[in-house]
Student: 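Mind looking over this structure? Questions follow.
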Amino acid sequence: MLFLHKPATYLGITNSFCSHSATRFTCTSFEKACAIRYQISGLRGTEGAIFLFQNRCSWILASCKKVLILTIFRSCVHTESCFVPTSEIIAVEETDLNKKQRNSGKWQKMAKLHAFTVYYVKKAQNHRWRCSDVTFWCVDEQLCNQWIQALKELLELQTRPKQLLVYINPYGGKRQGKRIYEQKVAPLFSLASISTDVFVTERANHAKDNLFEVNINKYDGVVCVGGDGMFSEVMHGLIGRMQKDSGIDQNNPKAPLVQCNIRIGIIPAGSTDCVCYSTVGISDPVTSALHIILGDSQPLDVSSVHHNNTFLKYTVSLLGYGFYGDVLKDSEKKRWMGPMRYDYSGFKTFLSHHCYEGTISFQPAKHTLGSPRDKDSCRTGCHICRQSEQQLAEQRKKCGLKHEEDEEEWKVIKGKFLAINAVNMSCACPRSPKGLSPAAHLADGSADLILVRKCSRFDFLRYLVRHTNQDDQFDFSFVDVYRVKSFQFTSKLLEDNESDVTDIGKKHFGQFCRDHPACCCNIANSTWNCDGETLDSSAIEVRVHCQLMKLFARGIEENHKEAVSNQSRVEQLL
Ligand SMILES: CCCCCCCCCCCCC/C=C/[C@@H](O)[C@H](CO)NC(=O)CCCCCCCCCCCCCCC
Ligand SMILES: Nc1ncnc2c1ncn2[C@@H]1O[C@H](COP(=O)(O)OP(=O)(O)OP(=O)(O)O)[C@@H](O)[C@H]1O
Ligand SMILES: [Ca+2]
């Protein structure tokens, strides 16, 4: 940990060579700081700490009489302080103060200064992170080097990515992917001494195909710059490659899949950016880049989707039939509209008010402690996800990669639905900050299956509006929600007709239930929206694979209460 007291105001003389972003501090003795570190090592999360500090009214110089500009700083007013864990230091660099000094007439007569700058993560509102910096200086070159060396050694102890493979979709979202990467992300990676191999994609599936060929062991992670579709592509490449290398047949819906240990980082540059928002708490490229630099790790459940023993897709966020399938299908024709296409197609689909008939069978997730109606959400270090992780480890110990026969009961529901949504995570995004299922967990080995039965347009609107406010979207008689580990769906059309489903679907598309003219049921099939990609199959088999992959993220953090309480304990000790 690095403990820094920050002056609320600068004196004019220091301002003369302080850049706006940098705050400068004098360097205290290395020995004294180590003594303090020893004293407070009992505090939670402070192991391996080094402190740079001042007391409340003047700089503590202690054995370090050599520190410069003492008198100037004595008159500083400094009340604000910040508390930076070493795990949140981005980089430490030697700073050439003397260059600046030479350019400023005022400093010409002063002794030679030695300085270093610490770049660290500054946490702002709404889970937004920024890179902040602080420069320490003194006249003693040896002391300065001692600090640089000690801080660099601390950074080496952190397990962080050194080599990354980056894929940029230049056409995702508002087509800003390349600019976002070059202007906001690349400079941070270079500051953190991360080397990168960057690919700008030239077509859909370029990144996925490339991941099957590239020497993947060379990298500590893969970064995708784009939206959910781009993330999905990279995820399919990595998981697919992993199974291929391990001789696992993805077409077998019961095959136990091999976990993917290469983490994916998402730099959001898409239209919905739901995976990023639901795992970080904000869709912001700089925040995501900083999570990658710090080497954060967040396991993620992935569901496999099959039809007739044929692998179709993996999904991590929304697998939706009916409303979201129709919104997506319509919006694909309007890609030129950018992110707005979803609002346009959403409005159009809302007005068309189609419902679809079919049968859903599912296996409830009995292994997990949570329920979709819980008031608490999945947060960093979530105990429910941790418990699933332990269960997974025990299961692996017991059966290795062998498939364990699953005897658990199936529940069957038949009906007419406006929407069938299966979500592996909350699906929070800027359009819906708490998401489609606010209490869903990122890594508990289950999905929330939401069934929205046929209801009036007005009721469906009330349901949709609750995705944007604090009211409970499951508190409706026409909405049911189940936590499941697997499910199957077959449309009525397919059940009724053994012949070629696709042709019939196409033939009847747009026609409505002739037996009941007032009924809005579409006798054609809808399509599935699988993380923003359309899937035409009207019969699918879905299975959740607990923690199949990992992201450079840490889940959504609680408010910084713990950090604040640690800080006040440190202040008491000082
Ligand atoms: C009155 C306002 C109601 C607003 C309701 C907003 C609900 C928004 C819920 C968003 C859930 C996103 C789930 C994530 C899915 C991603 O894997 C996928 C790929 O990126 N994105 C979409 O499919 C993109 C899906 C985007 C869907 C947008 C739906 C907009 C509906 C608008 C209905 C307007 C009715 C107005 C009547 C007066
Ligand atoms: N160079 C390219 N040209 C055309 N399509 C591409 C290219 N690179 C990637 N793609 C495809 O573009 C699709 C959409 O991209 P992306 O997810 O980045 O943006 P989006 O659809 O606007 O955002 P969101 O998925 O968040 O709604 C992806 O499925 C991806 O396969
Ligand atoms: Ca889950």
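Counting convention: from 1, in listed order, for ligands and their atoms alike. The model shown is predicted, which means the values in this text are computed figures rather than measured ones.
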Student: Please name the atom of Asp444, restricted to N, O or S, that is closest to the Ca ion (ligand 3).
Tutor: OD1
Student: Parallel, tilted or perpendicular, judged at 30° and 60°: which one describes the rings of Trp528 and Phe489?
Tutor: perpendicular
Student: Rounded to the nearest 0.5 Å, what separates atom OG in Ser345 from atom NZ in Lys333?
Tutor: 8.0 Å
Student: Is there a donor-acceptor pair closer than 3.5 Å between any side-chain N or O of Ser537 and the backbone N or O of Ile540?
Tutor: no
Student: Name whichever N, O or S atom of His441 ends up nearest to the Ca ion (ligand 3).
Tutor: O
Student: Within this structure, what is the OH-SG distance for the pair Tyr277 and Cys427, rounded to the nearest 0.5 Å?
Tutor: 13.0 Å
Student: Would you say the side-chain atoms of Glu332 pair up with the backbone N or O of Leu328, donor to acceptor, closer than 3.5 Å?
Tutor: no
Student: Could you list each N/O atom of ligand 1 together with any protein N/O atom closer than 3.5 Å, one pair per line with the distance?
Tutor:
from	atom 1	to	atom 2	distance (Å)
ligand 1	17 (O)	Ser317	OG	3.1
ligand 1	20 (O)	Asp228	OD2	2.6
ligand 1	20 (O)	Thr272	OG1	3.1
ligand 1	21 (N)	Thr272	OG1	3.3
ligand 1	23 (O)	Asn529	ND2	2.8

Student: When you measure from the side chain of Arg263 to the backbone N and O of Ala553, does any donor-acceptor pair fall under 3.5 Å?
Tutor: no
Student: Any N/O/S atom, side chain or main chain, of Met425 closer to the Ca ion (ligand 3) than 3.0 Å?
Tutor: no
Student: Under the side chain to side chain donor-acceptor pair (under 3.5 Å) rule, what do Thr349 and Asp326 come out as? Steps first, then yes or no, please.
Tutor: CA-CA 7 Å; Thr349 309; Asp326 295 351; over 6 Å; no
Student: Mind listing the N or O contacts between ligand 2 and protein, cut-off under 3.5 Å?
Tutor:
from	atom 1	to	atom 2	distance (Å)
ligand 2	1 (N)	Thr201	O	3.0
ligand 2	1 (N)	Thr201	OG1	3.2
ligand 2	1 (N)	Arg203	N	3.2
ligand 2	8 (N)	Asn169	OD1	3.3
ligand 2	8 (N)	Thr201	OG1	2.7
ligand 2	12 (O)	Asn169	ND2	3.4
ligand 2	15 (O)	Asn169	ND2	2.9
ligand 2	17 (O)	Gly229	N	2.8
ligand 2	17 (O)	Met230	N	3.0
ligand 2	18 (O)	Asn169	ND2	3.0
ligand 2	18 (O)	Gly227	N	2.7
ligand 2	21 (O)	Arg335	NH1	3.4
ligand 2	21 (O)	Arg335	NH2	3.0
ligand 2	21 (O)	Arg341	NH2	3.2
ligand 2	22 (O)	Gly173	N	2.8
ligand 2	22 (O)	Ser271	OG	2.6
ligand 2	23 (O)	Ser271	N	2.8
ligand 2	25 (O)	Asp228	N	3.0
ligand 2	25 (O)	Gly229	N	3.0
ligand 2	26 (O)	Asp228	N	3.0
ligand 2	26 (O)	Ser271	N	3.2
ligand 2	26 (O)	Thr272	N	3.0
ligand 2	26 (O)	Asp273	N	3.2
ligand 2	27 (O)	Thr272	N	3.4
ligand 2	27 (O)	Thr272	OG1	3.2
ligand 2	27 (O)	Tyr342	OH	3.1
ligand 2	29 (O)	Glu533	OE2	2.8
ligand 2	31 (O)	Glu233	OE2	2.3

Student: Within rounding of 10°, what is the angle whose vertex is the Ca ion (ligand 3) and whose arms end at O of Asn424 and O of Ser446?
Tutor: 110°
Student: Looking just at side-chain N and O atoms, do Asn308 and Thr310 make a donor-acceptor pair shorter than 3.5 Å?
Tutor: no
Student: Report the atom name of the nearest N/O/S atom of Asp301 relative to the Ca ion (ligand 3).
Tutor: OD2
Student: If only atom types and distance count, is the side chain of Arg341 paired as donor or acceptor with the main-chain N or O of Gly338 below 3.5 Å?
Tutor: yes
Student: Aromatic rings Phe478 and Tyr463: how do their planes relate, parallel, tilted or perpendicular, breaks at 30° and 60°?
Tutor: perpendicular
Student: Indicate the atoms forming the closest heavy-atom contact of Pro364 with Lys485, along with that distance.
Tutor: O-CG, 4.1 Å
Student: Below 4.0 angstrom, N of the basic side chain to O of the carboxylate: do Lys454 and Asp459 qualify?
Tutor: no
